[in-house]
Student: 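Let me give you the structure first, and then I'll get to my questions.
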Amino acid sequence: MLKAAQRLGLGVVIITVLSLLYFILMTQSAVKLIHPREELHNCCSTQDDFILTQKNTKIGMTIRYAITKGKTFKVNSALTRLLPKTSPLSGRRFSRCSVVGNGAILSQSGCGQEIDKADYVFRCNLPPIGGKYAENTGIRTNSTTANPISQIMSKYKGLRNQQGRDKFMTDIKKYPGLLWVSAFGVKSATVISQQALKFVTQKRIRSPALVFGNPKHFTDTMNFWRAHNLSNRLSTGMYLSSIALSVCDQVHIFGFWPFDKDPEDQPLAYHYYGKGKVDQVHDMPQEFLKLLEWHQEGVVNVHIHKCQADS
Ligand SMILES: *[C@@H]1O[C@H](CO)[C@@H](O)[C@H](O)[C@H]1NC(C)=O
Ligand SMILES: *[C@@H]1O[C@H](CO)[C@@H](O)[C@H](O)[C@H]1NC(C)=O
């Protein structure tokens with residue numbers, strides 16, 4: 001009788017130890033499965049540091065270019081004077097965001113309303129919005145990137161003559177919120193970017209607010225993706241998606257489809273507003289597959305089909 005009781009006691013001890021072990025193993029694997037959002041948050045302090053501010057950019061500091069290797073820029077007062085005191089996203093969080101790429105998959109998508117439902121809309125490289133594009137791509141924007149070389153330098157003649165400056169001033173007013181220029185990606189972008197910022201400051205243009213991307217934040221984000229097996233230079237769209245993941249509860253992605261046939265196997269142009277050319281620097285298909293993987297896991301919503309009209 002006693003023996004049976006002892007055996008029972010031993011059994012209880014063994015079961016307790018086993019369940020403890022099981023519990024420890026489970027919690028450890030749960031710890032390993034950090035949400036990508038948390039990971040991004042931990043790596044890059046996006047809210048505070050996605051752009052250069054007087055808080056993160058001090059006179060005398062050295063800025064490393066994100067793309068031109070080995071080149072640096074010594075921060076001077078001419079630069080810091082032009083920067084905002086703090087980041088406009090500091091301490092902010094949005095419940096729903098749209099990240100809008102410029103892919104031709106948006107043509108005839110009818111996704112304009114769906115895109116505009118967001119609290120915060122990110123767009124790439126001064127795309128045409130509104131007018132005949134409104135139905136498919138929406139009209140709202142809160143943060144728009146502008147490439148200093150392919151846009152400001154080429155389309156607006158480097159702001160050297162009145163005509164270029166006037167056109168720039170008229171055009172950027174279509175993009176309220178932040179106009180985001182990567183002044184420290186490549187070295188050749190810095191002077192023109194500073195001229196553009198000086199210009200909008202002199203003209204007292206408040207909307208959009210022209211801001212400089214932070215190359216350190218870009219590099220940190222790129223390293224994050226490298227750890228997730230994306231080794232090429234990050235595209236603007238992927239970069240904006242990463243920022244959205246850090247500041248928004250729900251991330252809806254539109255206009256990303258880096259293939260020359262649509263999902264129904266019909267030929268597709270490159271941009272929704274014109275031909276454009278195939279990108280050699282980035283690896284869009286690989287980035288896209290990563291986003292689809294996250295779509296499967298419920299981390300982001302990638303929209304590739306036509307949107308239903310709101311009833
Ligand atoms: C986003 O932009 C829209 C207009 O495009 C504006 O009404 C809205 O207040 C902006 N949202 C934020 C959070 O700045
Ligand atoms: C990266 O790729 C390697 C080899 O293909 C694979 O073993 C690893 O699990 C991948 N890592 C991630 C985070 O996807």
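Ligands are counted one by one from 1 in listed order, and the atoms in each one are counted from 1 as well.
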Student: Contact residues of ligand 1 with a heavy-atom cut-off of under 4.0 Å?
Tutor: R92, F94, D119, Y120, R140, T141, N142
Student: Where is the tightest heavy-atom contact between S182 and A189, given as atom of each residue plus distance?
Tutor: O-CB, 3.8 Å
Student: Would you call the rings of H303 and H252 parallel, tilted or perpendicular, taking 30° and 60° as the class edges?
Tutor: tilted
Student: So, do F256 and F254 have ring centers that fall under 6.0 Å from each other?
Tutor: no
Student: Using the test side-chain contact (heavy atoms from CB on, under 4.5 Å), find all partners of D49 that sit at least two apart in sequence or belong to another chain.
Tutor: S45, N56, N214
Student: Do the rings of F50 and H217 sit parallel, tilted or perpendicular, given the 30° and 60° boundaries?
Tutor: perpendicular
Student: Strictly under 6.0 Å, is that where the ring centroids of Y273 and Y133 end up?
Tutor: no
